[in-house]
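Remarks on the structure that follows.
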Amino acid sequence: MFVRGSSTTGSVRLTFNNDTSGGAYSRHVLYGNGTSALASGASGDSVTAVLGDCSVSSDTSGIFSPFVAQVLDYASTSKRKTIKCLSGYDANGSGFIELRSSGWYSTNAVTSLQVFEGTNGFATYSSFTLYGIK
């Protein structure tokens, strides 16, 4: 993905098979912005997988955030799914980088996914590419 949020806050999220039931996803994050670093996590309290923060409308014009996300064992019906994502952006000396992992507590095969920006959607020219290896 190469995305930008259309509002002043941006969080890229994902659901599998339209599952937005409470407690269906977990998440962990390592974050750095050149000045500070943080790590956090949560389990069983989320209705989406959080892939990461993205550049937003208040950031430098034309700055988009690259995301590389992997869904491990997406076709398996005997394993819960793990999502790994690397994202961030640079705005000529400011910005951040994130490494996130999320889990989906289902053994169902992934048959659909929805990627969305958590507040007001993606800005024009955001782009997405999907690859699958079975």
Side-chain angles (χ1 to χ4, degrees):
M1 295 176 271
F2 198 59
V3 299
R4 180 179 174 98
S6 62
S7 68
T8 57
T9 60
S11 177
V12 178
R13 297 171 178 269
L14 171 73
T15 61
F16 294 116
N17 300 357
N18 296 313
D19 185 359
T20 58
S21 57
Y25 302 89
S26 64
R27 62 189 177 275
H28 300 92
V29 62
L30 297 173
Y31 171 94
N33 64 9
T35 303
S36 61
L38 69 85
S40 67
S43 64
D45 69 343
S46 183
V47 296
T48 64
V50 180
L51 297 182
D53 295 328
C54 64
S55 58
V56 294
S57 62
S58 58
D59 291 325
T60 303
S61 177
I63 300 293
F64 284 73
S65 298
F67 281 72
V68 176
Q70 297 173 302
V71 180
L72 306 179
D73 299 315
Y74 74 94
S76 175
T77 57
S78 62
K79 298 178 184 177
R80 295 178 175 180
K81 309 311 174 274
T82 299
I83 307 103
K84 300 186 312 182
C85 188
L86 178 63
S87 65
Y89 78 94
D90 177 54
N92 296 323
S94 66
F96 63 88
I97 188 164
E98 290 182 301
L99 176 61
R100 290 196 181 238
S101 65
S102 296
W104 181 41
Y105 296 139
S106 175
T107 56
N108 292 333
V110 175
T111 57
S112 69
L113 60 89
Q114 178 185 20
V115 177
F116 59 97
E117 193 281 316
T119 306
N120 290 313
F122 293 110
T124 302
Y125 304 115
S126 294
S127 62
F128 306 84
T129 304
L130 178 65
Y131 299 96
I133 301 171
K134 188 171 181 179

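Both backbone and side-chain heavy atoms feed into the values below; hydrogens, waters and symmetry mates do not.
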Check whether any side-chain N or O of [X] sits under 3.5 Å from a backbone N or O of [Y] as a donor-acceptor pair, and report yes or no.
X      : Y      : result
Asp90  : Gly95  : no
Glu98  : Asp53  : yes
Asn17  : Ala109 : yes
Lys79  : Thr77  : no
Arg80  : Thr107 : no
Ser46  : Ser26  : no
Glu117 : Val12  : no
Thr20  : Val47  : no
Thr48  : Arg13  : no

Distance, nearest 0.5 Å, that separates [atom1] of [X] from [atom2] of [Y]:
X      : Y      : atom1 : atom2 : value
Ile97  : Asn33  : CD1   : CG    : 11.5 Å
Gln70  : Thr82  : CD    : OG1   : 11.0 Å
Asn108 : Ser78  : CG    : OG    : 11.5 Å
Arg27  : Ser102 : CZ    : OG    : 8.0 Å

Given the side-chain rings of Phe96 and Tyr89, with only the six-membered ring counted for Trp, is the space between their centroids under 6.0 Å?
yes

Determine the minimum heavy-atom distance between [X] and [Y], stating which atoms define it.
X     : Y      : result
Ser7  : Val56  : O-CB, 3.0 Å
Ser65 : Ser55  : OG-N, 2.7 Å
Gly5  : Cys54  : N-SG, 3.5 Å
Ser87 : Gly52  : OG-CA, 4.2 Å
Gly88 : Pro66  : O-CD, 3.1 Å
Lys81 : Val110 : CG-CG2, 4.1 Å

Using the ring-ring contact (aromatic ring centres under 6.0 Å, His included) rule, pick out the option among Phe116, Phe67, Phe128 that qualifies with Phe122.
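Passing option: Phe128.
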
Are any of the side-chain heavy atoms of Ser43 and Tyr105 separated by less than 4.5 Å?
yes

Taking the side chain as everything from C-beta on, heavy atoms only, tell me whether Thr15 gets closer than 4.5 Å to Tyr25.
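Thr15 vs Tyr25: side chains touch.
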
Hydrophobic cluster identity match, Met1 and Val71, side-chain contacts under 4.5 Å
yes

Honestly curious: do Tyr31 and Ile63 fall in one hydrophobic cluster under the side-chain, below-4.5 Å linking rule?
yes

Stepwise side chain to side chain contact (heavy atoms under 4.5 Å, CB included) check, Phe64 with Ser127:
CA-CA 10 Å; Phe64 284 73; Ser127 62; over 6 Å; no

With Leu51 as partner, the option from Leu14, Leu86, Val68 fulfilling side chain to side chain contact (heavy atoms under 4.5 Å, CB included) is Leu14

Over 12 non-hydrogen atoms of neighbours within 6.0 angstrom of OH in Tyr125:
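Count not over threshold, so no.
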
Steps toward side chain to side chain contact (heavy atoms under 4.5 Å, CB included) verdict (Tyr74, Leu113)
CA-CA 11 Å; Tyr74 74 94; Leu113 60 89; over 6 Å; no

